[in-house]
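See structure below.
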Amino acid sequence: MKPAEFATLKIDDKEIELPVITGTEGEKGLDIGMLRKQTGYVTIDPGFMNTAACYSKITFVDGERGILRYRGIPVEELVDKHLFIEVAYLLVHGSLPNEEEKVEFSKLLNRNSLVHEDMRHFFDHFPRGAHPMHILSTMINALAAFYPNVDLLSMKEDIELSTARLISMVRTMAAMAYKKSIGEPVVYPRQDLSYCANFLNMMFDSPVVPYKIAPEAVRILNILLILHADHEQNCSTTTVRTIGSAQVNLYATISAGMSALSGPLHGGANQEVVEMLGYIERTGNVEKFMQKVKDKNNPARLMGFGHRVYKTFDPRAVIIKKECHDFLRKMKIKDPLLDVAMQLEKIALSDDYFISRHLYPNVDFYSGIVYRALGIPENMFTVMFALARLPGWIAHWKEMIGMNTKIVRPRQIYVGKRCKTKL
Ligand code: SDX
């Protein structure tokens, strides 16, 4: 990036010029790559609230204007016109697939949709109540043992294959984990079904109660997966880029991203939201709950609200809220938690505590209600987020290794004990 302008920094008796970097959408950054060499100083920014960790061409988020674009295309357009598999291709390859590329990608996903039979038996040894996120991150890590193209060179050459394995096989693993948890026989993927229809069929079909795949269910699942597919340098994507910078194979890197996503402040929030809505619905006291959320001494948070980047409506929440209402109406489903969610949103959006802190519904606030309507159990909600985020993580890993990124190793400011000896 060639800087067109510079900022002047005066430190001690020095005056240095910091290159100013301007992004595609006009966002500005100070390149401090030479700061320590020129001044001996480092910058400190816990949580990276003000720090850009990399250059990226994948996703753009404007938190002030509520904009989200994948490879320059607004998500509103992608959910209207495309399927999740096409958006996964867009994120990983940089452009939407043409008809031929779409057929080839679908064939590759189909060929890689079966879990290795020896891996299948792993599921028999997890405790019945194990959280599917822990099962999945373990199974993904195990892929490196079953598919030994794990050194970076072979991974680079086989990115197509590794991408297909992760996007397709992990979907099968997720459904397997669910079937195992309810003691039902595993349902295999079918080559005649689309990505989303296959997932729903693997989750809910049974030898004695055949599952009827509703087109509305396939449609809304595509929309949810597209909306969760990428989101710049969020916690789990930063984890993927950090782990990947040590030239760890893609499977272990993605497994680490899964673990980061499972946190309740990150992807785990969708499950927390539904548990929170259920609690409020049972106790019937919204006002009392909101008082707790606003009490500085109370750790309670309005889950599904607030965001590090969005300081207005999360555009994904706007779409999911509308689609949620339409889907429940079409499927003639009445979910009292939707009424509670609407009540909470109404109260929060007129309460100065939330307005002054720019706290709005985020992607997790309504998504769990849609998953419930699809019949997906709460402990699988974050798994749905992870299935969607796989192409985003893979795209960032691919971009990072393509840039020959240095190993991620931040500096620190030491504030511990002074050394008593003169070493
Ligand atoms: C995702 O980064 C991404 O892009 C993530 C994601 C993605 O697609 O990858 O968008 C997915 O993770 C969405 C976020 C899901 N998490 C939740 O819904 C959990 C609830 N939200 C919060 O915990 C919080 O809003 C975060 C974690 C999302 C953001 O936290 P920040 O940016 O660190 O903000 P903060 O904790 O410093 O809060 C600022 C103020 C504080 O109050 P004050 O100290 O100024 O008085 O806002 C308050 C916080 O107490 N606050 C909340 C709140 N979120 C922030 N108060 C009540 N309820 C909340 N949800």
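Along the sequence shown, residues are numbered consecutively beginning with 1. Both counts, for ligands and for their atoms, begin at 1 and track the order of listing.
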State whether any protein heavy atom lies less than 4.0 Å from [atom].
{"atom": "atom 2 (O) of ligand 1", "result": "yes"}
{"atom": "atom 39 (C) of ligand 1", "result": "no"}
{"atom": "atom 25 (O) of ligand 1", "result": "yes"}

Among all protein heavy atoms in this structure, tell me which lies nearest to atom 23 (O) of ligand 1, with the distance rounded to 0.1 Å.
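The closest heavy atom on the protein side is R301 NH1, 2.7 Å.
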Just need the protein heavy atom nearest to atom 10 (O) of ligand 1, so name the residue and atom and give the distance.
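Going atom by atom, the protein heavy atom closest to atom 10 (O) of ligand 1 ends up being H307 NE2, 2.6 Å.
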Please state whether Y353 comes within less than 4.0 angstrom of ligand 1, counting heavy atoms only.
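For ligand 1, residue contact (heavy atoms, under 4.0 Å) with Y353 is present.
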Would you say R316 touches ligand 1, if touching means a heavy atom closer than 4.0 Å?
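Judged by the 4.0 Å heavy-atom criterion, R316 does count as contacting ligand 1.
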Strictly below 4.0 Å, N to O, side chains only: are K102 and E86 in salt-bridge contact?
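Looking at E86 together with K102, the answer is yes, because their closest N to O distance falls below 4.0 Å.
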Side chain to side chain donor-acceptor pair (under 3.5 Å) for S168 and R171? Distances and angles first, verdict last.
CA-CA 5 Å; S168 189; R171 171 202 50 181; 3.1 Å; yes
Pick, from R389, M49, E232, the option with the minimum heavy-atom distance to atom 9 (O) of ligand 1.
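Result: the heavy atom closest to atom 9 (O) of ligand 1 is in R389.
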Could you pull out, from K292, E272, M276, M303, the option with a heavy atom nearest to atom 19 (C) of ligand 1?
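It is M303 that holds the nearest heavy atom.
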Could you say whether the N/O atoms of F305 and ligand 1 ever approach to under 3.5 Å?
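N/O-N/O distance under 3.5 Å: yes.
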All pairs passing salt bridge (charged side-chain N to carboxylate O under 4.0 Å, His left out) where residues 282-304 contributes a residue, at least two apart
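Residue pairs passing salt bridge (charged side-chain N to carboxylate O under 4.0 Å, His left out), neighbours aside: K294-D351.
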